[in-house]
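Reviewing the structure listed below.
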Number of protein chains: 2
Amino acid sequence: MPSIDPIERTLSRQGHRLTGPRRAVVDTMRLLGNHFTAEEVQQALPAVGRATIFRTMKLMRELEMICQVVLDDGTIVYQLVGEDESEHHHHVICSDCGKVAEFTSDGLERLLEDVASMTGFEVGAHRIELYGQCDSCQKK
Amino acid sequence: MPSIDPIERTLSRQGHRLTGPRRAVVDTMRLLGNHFTAEEVQQALPAVGRATIFRTMKLMRELEMICQVVLDDGTIVYQLVGEDESEHHHHVICSDCGKVAEFTSDGLERLLEDVASMTGFEVGAHRIELYGQCDSCQKK
DNA sequence: ACAGCATTGATACCTAGTATCGTTTACCGA
DNA sequence: TCGGTAAACGATACTAGGTATCAATGCTGT
């Protein structure tokens, strides 16, 4: 009996069990909105064990259901990935409110190829994060 | 009586004391070569307190004498910044041997400006790290 | 409906770093 | 060169974010 929920569907289709704690974690992430820390998820779910929260988040990261974002001060937040936007993308992060936005850029990818060949590296992955002020924080 | 060492010179010119532990940390970093973790510095200097290692490394980061590099698995290494290459740059990291190389790219900077205006963000800082195989690891 | 294995919670542990605090020491000025 | 003093020190305890262990629980295919 596949659930209607796309995240839960993907989990079970990938051979993972659909347990109460997992559903709770997914629901909580949606409640928390744009971005959240592991600790926020944890505090919202005192009934779920700490290890389970981290295990579930790790699983979701592996299945690319959430992505990890490193803020400029080094703290780590996560964001749910929508079905449509699951393609390769990067993040712009507001240093004031912490809001995380996404962007894609073909130009960027091409430029990275150039850099790769210049340095003699064969580049497989990258981490790109931009920090600044979102438009609403600029207005304040 | 300014010392001949450029790093030590900068330290004292910026109003910081030139202590034994600080000299030891700087020397050790040079011995460790291309890149090193805080733990490696620590283990090479059992006589120096753990807190002092981290305090010194934090200070050096603030004075931009070393830069922090996040590896693809999340571990953090550091690299001494040469006097000449102290300008804005990014890192290419070998996933096999951990070697850290640097690059600069005006094109990249320009592209990031574009992305910024597209998303409505005013971007102040960024974190860019490329992961791959360096030429010598490719040959193996 | 039930066996079996994935998953769980509790707990201990880990890495990377910061805070506190009483002691030591580099440095500047006399 | 000799203090006085604030900066820096080591030891220690603590934090954040995450992993390892292991016995108990509970999904799920048949």
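None of the values given here were measured: they were computed from a predicted structure. Note on naming: letters A, B, ... go to the chains in the order of the sequence lines (proteins, then strands), and numbering restarts at 1 for each one. Atom set for the values below is all heavy atoms of this structure, side chains included, hydrogens, waters and symmetry mates excluded.
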Nucleotide [N], atom [atom2] - distance to [atom1] of [X] in whole Å:
{"X": "B/Leu45", "N": "D/dG10", "atom1": "CG", "atom2": "P", "result": "10 Å"}
{"X": "B/Phe54", "N": "D/dT15", "atom1": "CZ", "atom2": "P", "result": "17 Å"}
{"X": "B/Glu62", "N": "D/dA8", "atom1": "CD", "atom2": "P", "result": "11 Å"}

_By the 4.0 Å heavy-atom rule, please label B/Ala51 as base, sugar-phosphate, or nothing._
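Touches a base.
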_Regarding A/Gln42, tell me which of base, sugar-phosphate or nothing describes its non-hydrogen contacts under 4.0 Å with the strands shown._
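A/Gln42: no heavy atom of the nucleic acid under 4.0 Å.
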*So A/Cys67 and A/His89, side chain to side chain contact (heavy atoms under 4.5 Å, CB included) or not? Walk me through it.*
CA-CA 10 Å; A/Cys67 48; A/His89 64 268; 3.9 Å; yes
*Assign each of A/Gly20 and B/His16 to its nearest nucleotide of DNA chain C by heavy atoms, then name whichever residue's nucleotide is nearer the 5' end.*
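In this pair, the answer is A/Gly20.
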*asked:* Closest-nucleotide mapping onto DNA chain C: is A/Thr56 or B/Lys58 further toward the 5' terminus? I mean the 5' end.
replied: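 It is A/Thr56, whose closest nucleotide lies nearer the 5' terminus.
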*Indicate whether OP1 or OP2 belonging to D/dA8 is found under 4.0 Å from a side-chain N or O atom of B/Arg22.*
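For B/Arg22, the contact criterion (side-chain N or O under 4.0 Å from OP1 or OP2 of D/dA8) is met.
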*asked:* Does a side-chain N or O of B/Thr19 approach OP1 or OP2 of D/dC9 to a distance below 4.0 Å, or not?
replied: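 Yes, such a contact exists.
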_5' to 3' contact window, DNA chain C with chain A (heavy-atom distance under 4.0 Å)_ =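 Counting from the 5' end, contacts occupy C/dG4 to C/dA10.
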*Indicate whether the side chain of B/His90 and that of B/Glu109 have a donor and an acceptor atom separated by less than 3.5 Å.*
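On atom types as modelled, these side chains qualify, holding a pair under 3.5 Å.
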*Any donor-acceptor pair under 3.5 Å joining the side chain of B/Arg17 to the base of D/dA8?*
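When only heavy-atom distances are counted, B/Arg17 does not reach the base of D/dA8 through any donor-acceptor pair under 3.5 Å.
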*Is there a donor on the side chain of B/Arg55 or the base of D/dG10 sitting less than 3.5 Å from an acceptor on the other?*
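Donor-acceptor pair under 3.5 Å: yes.
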